[in-house]
Amino acid sequence: MKQVSNMANTSNGSLATLLILFTVSAAIHTVQSQNLISDNISVVEGETATISCRVKNNDDSVIQLLNPNRQTIYFKDVRPLKDARFQLVNFSDNELRVSLSNVSLSDEGRYVCQLYTDPPQEAYADISVLIPPGNPIIESREDIVREGNETEITCTSMGSKPAATIKWMKGDKELQGKSKVEATYDRMFTVTSWLRFTVTKEDDGVPVVCIVDHPAVKDFQAQKYLEVQYKPEVTIKVEFPQGLIREGENLELTCQAKGKPQPHQVNWVRVDDDVPSHAVITGSDLFIENLNKSYNGTYRCVASNSVGETYADYILYVRDALTTTPKPTTTTTTISATTFPPDIIQDSQAGPEAQRLDHAVIGGVVAVVVFAMLCLLIVLGRYFARHKGTYFTHEAKGADDAADADTAIINAEGGHNNSDEKKEYYI
């Protein structure tokens, strides 16, 4: 009996285990085979939201949709709730899709998709209502800023949900501002951002843009153009002469000044000395005639406006005047020597045409001299070739009175007995 009892207990335990495993397996099979799915929704106030309850492998279980207050909006394809803004978009064994038009902030909350199974399944769709901000308001502490001063610009974005973010751009460069977020009683937000920076004259006319970033709007912005006052920018232009300045020439300088506001006064002064007494100053122009080296020095143009005063300097350096020697009118040529006037050598400051003319004169003179010398050599050669001859010396002096040649030799001075005639040639 004891053995039979043990066998019975063993059999009952095995049966209970099998029943538990079967139940768990069936429950797991039910959950895995019927998955209820829904999605969260973000919708802009006044637009339409669509809620979708989807079932995978539905076994004819009933689907219904509940609002955040757990009131039934749709049971299968029937709408018990008396709110005409809810409309059936699609109903099938696998989906219940409902639209909600003209969404307001009061519609925000968690909607429940419910599937009648054992146990029942639920899926949740959270509706978030987006409220775009109003037009951003941009303001500056002052309308006109002086160069080198700090300015502050404020941008405000009001009545948004969720809170907006604000960023700043100056021209094509992004700047960092400081923001503060404030919640209002109606669950909306106001955001204020401040931007501080030091302005330069290059900022004049540059737009500063406040850009509001919010899920409900794109490229929402406001801008303000900077107006910057700055000191004059001064430059000096030489009207004439061009290049090196020499004694006897005239000088004209023009002072160009630009600022904001436009310079109201432009003056010419000479640093460490007085402006020449005969210099003429007309507005921004300085004219000095018949320059000499005593005028050398630094001439300064000073311009001023309500912001400040600036200047530019011009250093005058007068060089010696150019000197030129008159060109010769005649050229003298002799056989024994040829003399060139010193003025044939061209002055280093003469122009290209004068240099070419002098080179031609020198070449002509050299050609004439060479030709004359050649002609002279030819004439002399022909002359000496034709006049070759003999002459007698005094060795036979006294022979003129002799009766014959022998007597003449005997009577000749020196008593020479040599009868050979001596001949000498002169070439």
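Every value quoted in this text rests on a predicted model; they were computed, and no experiment measured them.
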Task: Closest non-hydrogen atom pair, Asn40 against Asp126 - done: OD1-N, 3.0 Å
Task: Separation of Leu115 CG from Cys113 SG (nearest 0.5 Å) - done: 10.0 Å
Open item on the list: Parallel, tilted or perpendicular: which one describes the rings of Phe240 and Phe287, with boundaries at 30° and 60°?
Closed with: perpendicular
Open item on the list: Does Thr254 form a side-chain hydrogen bond (donor to acceptor under 3.5 Å, both in side chains) with Asp285? I'd like the steps, not just the answer.
Closed with: CA-CA 5 Å; Thr254 298; Asp285 296 336; 3.0 Å; yes
- [ ] Go through the side-chain N and O atoms of Ser92 and Asn94 and say whether any donor and acceptor fall under 3.5 Å apart.
- [x] no
Open item on the list: Working to the nearest 0.5 angstrom, can you tell me the gap between Gln262 CD and His264 NE2?
Closed with: 11.5 Å
Open item on the list: Closer than 3.5 angstrom, by distance alone: can the side chain of Trp168 be matched with the main-chain N or O of Val208 as a donor-acceptor pair?
Closed with: no
Open item on the list: Given Ile41, which partner from the list Leu100, Val129, Val103, Ile127 fulfils the side chain to side chain contact (heavy atoms under 4.5 Å, CB included) test?
Closed with: Ile127
- [ ] Taking Glu249 for its side chain and Ala321 for its backbone only, find out whether a donor-acceptor pair lies under 3.5 Å.
- [x] no
Task: Within-4.5 Å side-chain heavy-atom neighbours: Ser179 and Thr192 - done: no
TODO: Kindly give the heavy-atom pair with the smallest separation between Asp107 and Asn102, and that separation in Å.
DONE: OD2-O, 4.1 Å
Task: Closest contact, heavy atoms only, Thr190 versus Thr156 - done: CG2-CG2, 4.1 Å
Task: Side chains of Glu142 and Thr151, donor plus acceptor under 3.5 Å - done: yes
Task: Whether over 12 other heavy atoms sit under 6.0 Å from Asp219 CG - done: no
Task: Asn292 side chain vs Ser294 backbone, donor-acceptor pair below 3.5 Å - done: yes
TODO: Measure the acute angle between the ring planes of Phe75 and Tyr116, then classify it against the limits of 30° and 60° as parallel, tilted or perpendicular.
DONE: perpendicular
Task: CZ (Arg196) with more than 12 external heavy atoms under 6.0 Å - done: no
TODO: Measure from the side-chain N and O atoms of Gln121 to the backbone N and O of Asp118, and report whether any donor-acceptor pair falls under 3.5 Å.
DONE: no
Open item on the list: Rounded to the nearest 0.5 Å, what separates atom OG in Ser157 from atom CD1 in Ile211?
Closed with: 13.0 Å
Task: Residue among Lys170, Glu150, Glu152 satisfying side chain to side chain contact (heavy atoms under 4.5 Å, CB included) with Phe197 - done: Lys170
Task: Glu122 bridged to Arg110 by N-O distance under 4.0 Å - done: no
TODO: Give a yes or no answer on whether the side chain of Asn305 reaches the backbone of Pro261 with a donor-acceptor pair at less than 3.5 Å.
DONE: yes
Task: Heavy-atom side-chain contact between Lys76 and Gln64 under 4.5 Å - done: no
- [ ] Please assess Gln256 against Val234 for the test side-chain contact (heavy atoms from CB on, under 4.5 Å), listing each intermediate value before the final yes or no.
- [x] CA-CA 6 Å; Gln256 298 174 334; Val234 182; over 6 Å; no
TODO: For residues Arg70 and Gln114, report the shortest heavy-atom separation together with the two atoms involved.
DONE: NH2-NE2, 3.8 Å
Open item on the list: Do the side chains of Arg54 and Glu95 get close enough for a salt bridge, i.e. N-O under 4.0 angstrom?
Closed with: no
Open item on the list: Under the criterion salt bridge (Lys or Arg N to Asp or Glu O under 4.0 Å), I'd like the reasoning laid out for Lys260 against Asp204: C-alpha separation, chi angles, the key distance, then a yes or no.
Closed with: CA-CA 9 Å; Lys260 191 170 183 179; Asp204 184 47; 3.0 Å; yes
TODO: Give me the one residue out of Asp143, Val145, Ile144, Ile153 that meets side chain to side chain contact (heavy atoms under 4.5 Å, CB included) with Leu226.
DONE: Ile153
Open item on the list: One thing to verify: whether Asp213 and Lys218 come together as a salt bridge, which I'm taking to mean a side-chain N less than 4.0 angstrom from a carboxylate O.
Closed with: no
TODO: Measure across Val191 and Ala164 and return the closest heavy-atom pair with its distance rounded to 0.1 Å.
DONE: CG2-O, 3.3 Å
TODO: Please say whether more than 12 non-hydrogen atoms of neighbouring residues, nucleotides or ligands are located less than 6.0 Å from CE in Met158.
DONE: no
Task: Verdict with supporting geometry, Glu247 and Arg319, side-chain contact (heavy atoms from CB on, under 4.5 Å) - done: CA-CA 6 Å; Glu247 288 184 316; Arg319 291 169 171 78; over 6 Å; no
Open item on the list: I'd like to know if the side chain of His214 reaches the main chain of Pro162, judged simply by a donor and an acceptor atom lying under 3.5 Å from each other, with no hydrogens or angles considered.
Closed with: yes
TODO: Kindly compute the distance separating CZ (Arg270) from CG (Asn296), expressed to the nearest 0.5 Å.
DONE: 8.0 Å
- [ ] Assess whether side-chain contact (heavy atoms from CB on, under 4.5 Å) is satisfied between Ile63 and Cys53, documenting all intermediate values.
- [x] CA-CA 8 Å; Ile63 306 174; Cys53 301; 4.1 Å; yes
Task: Listed once per pair and sorted, the disulfide (SG to SG under 2.5 Å) pairs that draw on residues 61-94, sequence neighbours left out - done: none
TODO: For Tyr225 and Glu227, test the side chains for any donor-to-acceptor distance below 3.5 angstrom and give the result as yes or no.
DONE: no
- [ ] Answer yes or no: is there an ion pair linking Arg246 with Asp320, defined by an N-O contact shorter than 4.0 Å?
- [x] no
TODO: Take atom CZ of Phe189 as the centre, draw a 6.0 Å sphere, and report whether it contains more than 12 heavy atoms from other residues, nucleotides or ligands.
DONE: yes
Open item on the list: Restricting to non-hydrogen atoms, name the atom on Thr48 and the atom on Val43 that form the minimum distance, rounded to 0.1 Å.
Closed with: O-CG2, 3.7 Å
TODO: Before giving the answer on salt bridge (Lys or Arg N to Asp or Glu O under 4.0 Å), spell out for Glu108 and Arg187 the whole-Å C-alpha distance, their side-chain angles and the decisive distance to 0.1 Å.
DONE: CA-CA 12 Å; Glu108 192 174 62; Arg187 294 187 293 165; 3.5 Å; yes
Open item on the list: Applying side-chain contact (heavy atoms from CB on, under 4.5 Å) to Leu105 and Lys161, what does each step give before you reach the verdict?
Closed with: CA-CA 10 Å; Leu105 190 59; Lys161 180 181 177 299; 3.6 Å; yes
Task: Gap separating the CD atom of Gln223 from the CE atom of Met169, nearest 0.5 angstrom - done: 11.5 Å
Open item on the list: Looking at Trp194, is its backbone amide N or carbonyl O close enough to the side chain of Thr154 to form a donor-acceptor pair, meaning the two atoms are under 3.5 Å apart?
Closed with: no
Task: Result of checking Cys255, Ser306, Pro232, Ser304 against Pro263 for side chain to side chain contact (heavy atoms under 4.5 Å, CB included) - done: Pro232
Task: Any side-chain heavy-atom pair of Glu233 and Lys201 under 4.5 Å - done: yes
Open item on the list: Within the structure provided, determine whether Phe86 and Arg79 are in side-chain contact (heavy-atom separation under 4.5 Å).
Closed with: yes
Open item on the list: Please determine whether the number of non-hydrogen atoms from other residues, nucleotides or ligands lying under 6.0 Å from atom CG of Leu377 exceeds 12.
Closed with: yes
- [ ] Please round to the nearest 0.5 Å and tell me the distance separating atom CD of Glu147 and atom NZ of Lys231.
- [x] 7.0 Å
Task: Sole residue of Val269, Ile288, Asp273, Val271 in side chain to side chain contact (heavy atoms under 4.5 Å, CB included) with Tyr299 - done: Ile288
Open item on the list: Counting C-beta onward and ignoring hydrogens, is there a side-chain heavy-atom pair between Thr298 and Asp272 closer than 4.5 Å?
Closed with: no
Task: Side chains of Phe371 and Val369 in contact at under 4.5 Å (non-hydrogen atoms) - done: no
